[in-house]
Amino acid sequence: MIIYNENEKVFNLHTKNTTYQMYVEQYGYLLHGYYGRRVADVKMEQLQNYYDRGFSGNPNQAGKDRLFSLDTAAQEYTSCGIGDYRVSSCGVINRDGSTAADLRYVGYKIYEGKYAIPGLPAAYDNNDECETLEVTLEDPYTGLRVVLYYAVFEAQDIITRNVRFENAGVDTLTLNRAMSVCLDMQPGDWDVMHFHGRHCMERQPERLRQPHGITRISSKRGTSSHQHNPFVILASPEATETNGDCYGAMLVYSGDFAAEIEMDQFNQTRLVMGINSETFSWQLESGASFETPEVLLGFTHEGFSALSGMYHRFIRNNICRGKYKNTRRPVLVNNWEGTYFDFNQEKLIAIAEEASSLGIELFVLDDGWFGKRDDDYSGLGDWYVNEKKVQLEKLAERVNELGMKFGLWIEPEMVNEDSNLYKAHPDWALKIPGRAPGRSRYQLLLDFSRKEVVDYVYNQISSVLSSCNIEYVKWDFNRSLADTYSLALPKARQGEVRHRFVLGMYDFAERLTRDFPNILLEGCSGGGGRFDAGMLYYSPQIWCSDDTDAMERILIQYGTSFGYPASSVGSHVSAVPNHQTGRISSMELRGAVAMSGMLGYELDLTKLKRAEKAQVRKQIQTYKKTADLVMNGEYYRLSDPIKNPDYCAWSFVSEDKKKCLVNFVYLHVRANAPLINVRFRGLKPDAYYKVRGTEQVLNGAALMYGGYTFPITMEGDGYPIQIYLEEK
Ligand code: DGJ
């Protein structure tokens with residue numbers, strides 16, 4: 001619900017449990033009033049105090065009034081270059097070379113439904129579930145207009161924001177900073193939780209007390225990256241999984257981003273988040289406009305699990321789209337770790353036959369089916385089938401005959417110099433004239449900021465996808481951007497290349513999902529290097545990590561769960577010794593971990609022993625029964641494996657709280673071990689639950705308030721226990 005109080009010029013945005021407020025002050029600046037637990041429709045002015053502070057100046061029109069300063073006031077979206085010395089929302093270079101924008105309130109609009117952001121992924125409204133507020137600010141000196149958009153998803157407790165810059169003046173100006181959100185926090189101390197990592201160990205949570213100064217979480221790799229994720233949480237220092245104030249900010253964007261959190265001289269904290277201004281600038285001609293990506297804001301006073309639950313539901317219902325949004329995903333087998341590049345038709349068919357006999361539903365042919373691609377030195381860009389290795393149509397037919405769907409791997413934005421595409425169009429690769437571009441995995445990037453390049457690659461790939469019955473695509477991206485320069489853009493616009501690259505990639509994704517609505521798209525970037533809400537708009541699941549070691553995956557899936565639902569996590573059982581770590585873990589553990597995401601297998605199934613095959617068969621049967629719980633249930637982290645690395649526990653509870661699957665894994669078994677007690681969550685206190693496979697009946701309150709003490713084991717590290725509860 002959006003309420004505007006004309007007399008006091010106050011906007012109150014209420015969701016079921018939260019209130020977000022802004023108001024216009026006497027000089028026309030839009031101040032941030034409040035964001036937190038739901039309050040009445042009152043102006044929260046008592047939160048602001050104005051003093052004459054040294055070195056914090058005042059607007060010219062304030063005359064001798066030295067109390068109001070942009071340097072100290074809580075603002076909704078800051079001006080720049082006019083006396084707020086904290087991190088700012090925007091940055092400009094005007095025609096005269098000056099770098100100021102003085103943004104004053106001009107007007108507003110409120111309407112039913114969700115605003116649109118052309119060319120960018122964004123949350124959508126299912127059935128008139130949200131309202132939009134548009135607030136326009138303008139710099140009277142240049143005519144730069146900044147339109148702030150807010151969509152209020154009342155039932156979900158989520159508010160989305162995005163900003164449109166419009167040049168209503170006559171002169172071209174340059175935007176060199178265009179953040180999607182500015183959030184001046186409530187007074188107090190805040191912890192910053194962010195998710196860092198590396199290839200093969202993505203999204204590890206780290207919690208820091210925000211110091212004075214700036215904490216900056218960012219990527220300039222051209223993707224959201226393995227190293228940092230565009231999701232941050234600001235939490236009260238006391239916040240736990242079950243209690244305490246938590247604010248989430250998740251950027252719906254897959255390119256260079258930054259989240260900057262600053263605690264100022266008066267202990268006030270500001271968060272800004274958006275496209276990384278280090279690698280961005282945009283020429284805004286008279287009459288032109290620029291849209292920032294969207295940010296999803298969420299608040300709860302009930303701790304991290306509640307915040308995660310809000311994001312999980314919102315991503316599932318208001319970000320993910322298409323046929324597989326709510327449908328159980330087929331259990332797949334992917335040949336990558338099974339064969340790498342070394343395959344032929346017979347080998348693939350043998351794996352497919354085995355897969356079908358085990359109950360697998362989708363066969364995925366990974367890298368190496370196209371061009372000259374027997375290793376990673378050549379072939380990218382040549383999207384036609386290498387008939388010497390594989391006859392795609394026949395393979396798809398055989399896979400279909402076996403009762404399975406057929407899927408294919410692609411990496412559209414890349415090119416090897418050793419390819420026909422590069423020979424024909426060397427100028428289509430991103431490189432700076434006169435410099436030799438760096439290679440990564442021996443590949444270069446195609447200039448996806450150019451429409452003709454996207455068109456060409458799309459036509460090549462879509463004709464393969466139309467050539468036979470392909471029902472799944474894995475979209476990979478295996479290097480970071482560097483040497484960015486587009487021959488299609490003038491010198492003054494080179495700062496636009498990286499964002500235009502992302503827009504080109506989204507254009508490709510939009511066409512793919514529109515033209516092939518039956519295809520299940522799985523995102524990937526060397527595992528989880530582009531795991532973000534932007535990609536989830538196109539692909540409801542993403543290959544979570546190239547690390548398929550179950551013990552490591554527990555940590556990766558733990559960190560990922562803070563922002564992203566299990567329905568978005570592609571997770572596979574692979575061979576032992578594991579190819580990334582050499583660790584040998586049991587089939588039970590590998591199964592339990594992979595079944596906590598969207599299950600797949602990634603190994604040469606023909607090499608499994610008979611007993612292992614029986615285990616796979618059983619796993620798939622079990623998975624089919626629990627998949628709905630994993631996809632759509634409430635997810636609870638029941639332990640913190642970073643604080644206590646001896647074990648990890650997590651659970652899925654159905655919406656009606658009648659079913660619950662608890663997973664427990666001993667990560668490090670100790671001799672004469674201390675007892676481990678875990679409190680279950682999300683059950684009905686009064687209900688009695690039967691433990692599947694036993695005669696045991698346990699009470700909900702007893703399990704939640706007393707907990708469950710897990711038996712000590714001597715089975716070694718990685719011993720998994722699964723408890724499936726069903727209400728009696
Ligand atoms: C990186 C991916 O994450 C792997 O799963 C596999 O598809 C390879 N690329 C193929 O080159």
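Just so it is clear, the values below take in all heavy atoms, side chains as well, and ignore hydrogens, waters and symmetry mates. None of the values given here were measured: they were computed from a predicted structure. As the structure lists them, so they are numbered: ligands from 1, and atoms in each ligand from 1.
Tested against Phe231 for a ring-ring contact (aromatic ring centres under 6.0 Å, His included), the candidates Phe257, Tyr311, Phe562, Phe531 yield a single pass: Tyr311. A side-chain hydrogen bond (donor to acceptor under 3.5 Å, both in side chains) with Lys372 is found for one member of Asn386, Asp382, Asp418 and no other, namely Asp418.
A search for side chain to side chain contact (heavy atoms under 4.5 Å, CB included) contacts involving Ser574 returns Glu337, Thr548, Asn578, not counting sequence neighbours. In this structure Lys323 satisfies the side chain to side chain contact (heavy atoms under 4.5 Å, CB included) test together with Asn518, sequence neighbours excluded.
In this structure, Trp409 and Trp383 have tilted ring planes: the angle between them lies in the 30° to 60° band.
When heavy-atom distances to ligand 1 are checked against 4.0 Å, the residues falling inside are Trp336, Asp366, Asp367, Trp409, Arg441, Lys474, Asp476, Asn478, Cys524, Gly526, Gly527, Trp543, Asp546, ordered by chain and number.
Residue pairs meeting the salt bridge (charged side-chain N to carboxylate O under 4.0 Å, His left out) criterion with at least one partner in residues 529-550, sequence neighbours excluded, are Glu413-Arg530, Asp549-Arg583.
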